[in-house]
Amino acid sequence: MSEVSTVRGPVAAAALGRTYMHEHIFTLTADVQQNYPDEWGDEQARLDDAVEKLSALAAQGVQTIVDPTVVGLGRYIPRIAKIAERVPQLNIVVATGIYTYDSAPFFFEYRPPMPGHPDPMTEMFVRDITEGIAGTGVRAGMLKCAIDHHGLTPGVERVMRAVAQAHLRTGIPVTVHTHPGSRAGLEVKRVLCDEEGVDPRRVVLGHSGDTTDCDHLAELAEAGFVLGMDRFGINLETTFEARADTLVEMCRRGYAESMVLSQDASCYIDWVDPLLLEQLPQWHYLHIGDDVLPYVRERGVTEKQIETMLVHVPRRVLEPSEPAGA
C-alpha cells in the first residue's frame, strides 16, 4: 500500500480523506522575525491559536492539508511538529524547495552545480524527502518552486530544474506557485516537463484560480497538469464570485479531475499588514466549507465532482510515483 509522508509519520494514501492541497500554518520572514519578534509575540499563544484554527478545520471534515512552506517562506518544522501532535485528527504534509520570484538565496550564489555533480539544492531537497528535515525525522511529501510575473529568471530556472531532478530521484510530487495572468504555466511546462522530463500529472499549478480565462486553464488541464484553485478568500484583485464562477465553469467543461481546492490561508502571515488583513474577512481555513461549496452546489457542481476535487485528485497527486530509473 502506497504511503504519504506527514509530520506525524507515513499515512496510507487511501486514508488521506478530504484534502486541501495548499494551506500554510505560518508564513514568515525568518530574518525579520528573529531580529524583530515583537509582532510575533508569545510563542505559546501562537501555537495555541494555530491548534484552535486547525482543529476547527478538522471538525469541518478536512482530514489532510499540504503546507508548502519552504525556504523563503519561513519553514520551521519543530514548531509545526508541536502543533501536529496536538491536532492528531489532521494530517499535515510538509514540503521542501525554495520560494523565489527572481534570484536564488545568496547561500547558493557561490555553490553552483559543478560538472558531473547534482546541484547542491537538489541534494538538500532529496535529503529532506528521504532522511527528514533538520534532524526532526519529518520527511517532506511535496516539492515546491515558484514563477511569477518576473518570468523565468536565472534564479527561478535553477530552482525549478533542481526541483525537477529531486522529483525524478524520489517520485515526490511538485507544486509550483504560478502567475496565470502572464501564462507562467506554459514556462513550467517547457522547463519542468518538456526539458526535464517531469510528468505534468505530477505537477500542481498553484494559484490557477487567479484567472477567469477558462480557455487557458483548459489548455493547461489538457496538457495534464493539476490546477490549484487555491486562493479562495483572497479577494483583493478579484471577487468571491469570479473565483467561484470559474470553478463552476471548469467543472461544467468536465475538468473536475484536473483541479484541487484550497485557500492559501495561514494562522499567521507577516507579509500582510494587519489593517489589510481586515479587508479579507473570508481568508481563513473554513471559507471553502462555509461559503464556496454551498455557492457552487447551487450552480450545478455535483457532490461527485466535489469529492473528486477534494479526495480523489489529491490522493492521486500525493501518492509517490516510482523514481526515474527505479
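The analysis underlying the following values was restricted to heavy atoms, covering all of them including side chains, and did not include hydrogens, waters or symmetry mates.
- In this structure, V176 and V204 have side chains that are not in contact, with every pair of non-hydrogen atoms separated by 4.5 Å or more.
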Derivation of the side-chain hydrogen bond (donor to acceptor under 3.5 Å, both in side chains) call for H149 and S182: CA-CA 6 Å; H149 70 277; S182 57; over 6 Å; no

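- Minimum interatomic distance between R315 and A14 (heavy atoms only, all atoms of both residues): CD-CA, 3.7 Å.
- With contacts defined as side-chain heavy-atom distances shorter than 4.5 Å, the pair R75/T96 qualifies.
- Sorted by first and then second residue, the salt bridge (charged side-chain N to carboxylate O under 4.0 Å, His left out) pairs involving residues 113-127 (not counting sequence neighbours) are D119-R158, E123-R169.
- Counting all heavy atoms, side chain and backbone alike, I98 lies closest to P105 at CG2-CD, 3.8 Å.
- Judged as a ring pair (Phe, Tyr, Trp, His ring centres under 6.0 Å), and not counting sequence neighbours, H216 has no contacts.
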For ring pair (Phe, Tyr, Trp, His ring centres under 6.0 Å), just list the numbers for F108 and Y110, CA-CA rounded to whole Å, side-chain angles, deciding distance to a tenth of an Å, and then say yes or no. CA-CA 6 Å; F108 297 101; Y110 297 105; over 10 Å; no

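- Residues D245 and Y295 meet the side-chain proximity criterion, which asks for heavy atoms closer than 4.5 Å.
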Residues 218-232, side-chain donor-acceptor partners within the protein, below 3.5 Å, at least two apart:
| from | atom 1 | to | atom 2 | distance (Å) |
| --- | --- | --- | --- | --- |
| E222 | OE2 | Y255 | OH | 2.7 |
| D230 | OD1 | H207 | N | 3.0 |
| D230 | OD1 | H207 | ND1 | 2.9 |
| D230 | OD2 | H207 | N | 3.1 |
| R231 | NE | H207 | ND1 | 3.3 |
| R231 | NE | D264 | OD2 | 3.3 |
| R231 | NH1 | D210 | OD2 | 2.7 |

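- Judged as a ring pair (Phe, Tyr, Trp, His ring centres under 6.0 Å), not a single pair has a partner in residues 45-95 (not counting sequence neighbours).
- Following chains of ILVMFWY side-chain contacts shorter than 4.5 Å, one cannot reach V70 starting from I147, and the two form parts of different hydrophobic clusters.
- Shown are K189, R190, R161, R202; of these, the salt bridge (charged side-chain N to carboxylate O under 4.0 Å, His left out) with E196 is made only by R161.
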Kindly determine whether D290 and Q282 satisfy side-chain hydrogen bond (donor to acceptor under 3.5 Å, both in side chains), including the steps that lead there. CA-CA 10 Å; D290 286 349; Q282 293 181 311; over 6 Å; no

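- In this structure, R111 is positioned above the aromatic face of F107, its NZ or CZ under 6.0 Å from the six-membered ring centre and within 45° of the axis.
- Residues M309 and C251 are in side-chain contact: their nearest non-hydrogen atoms beyond the backbone lie under 4.5 Å apart.
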Anything under 3.5 Å between a donor and an acceptor, one on a side chain of residues 266-277, the other on a protein residue two or more places apart or in another chain? List them.
| from | atom 1 | to | atom 2 | distance (Å) |
| --- | --- | --- | --- | --- |
| S266 | OG | T27 | OG1 | 3.0 |
| Y268 | OH | Q33 | NE2 | 3.4 |
| Y268 | OH | E39 | OE2 | 2.8 |
| D270 | OD1 | T29 | N | 3.3 |
| D270 | OD1 | T29 | OG1 | 3.1 |
| D270 | OD2 | T29 | N | 2.8 |
| D270 | OD2 | Q33 | NE2 | 2.8 |
| D273 | OD1 | L275 | N | 2.7 |

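- In this structure, the side chains of I65 and L57 come closer than 4.5 Å at one or more pairs of heavy atoms.
- Residues T212 and L217 are not in side-chain contact: their nearest non-hydrogen atoms beyond the backbone lie 4.5 Å or more apart.
- Ring geometry for H284 versus H287: interplanar angle over 60°, hence perpendicular rather than tilted (30 to 60°).
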Test side-chain hydrogen bond (donor to acceptor under 3.5 Å, both in side chains) on T211 and D213; report intermediate values, then the result. CA-CA 5 Å; T211 184; D213 185 348; 5.1 Å; no

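- Nearest heavy atom pair, residue H167 against residue S321, reads CE1-OG, 4.1 Å.
- Taking the side chain as every heavy atom from C-beta outward, P10 and S5 never approach each other to under 4.5 Å.
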What verdict does the side-chain hydrogen bond (donor to acceptor under 3.5 Å, both in side chains) test give for Q63 and Q89, after you've listed the backbone C-alpha separation in whole Å, the side-chain angles of each residue and the deciding distance to 0.1 Å? CA-CA 7 Å; Q63 294 169 254; Q89 64 273 37; over 6 Å; no

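- Under the rule for a side-chain contact (heavy atoms from CB on, under 4.5 Å), the partners of L280 that lie at least two apart in sequence or sit in another chain are L236, W283.
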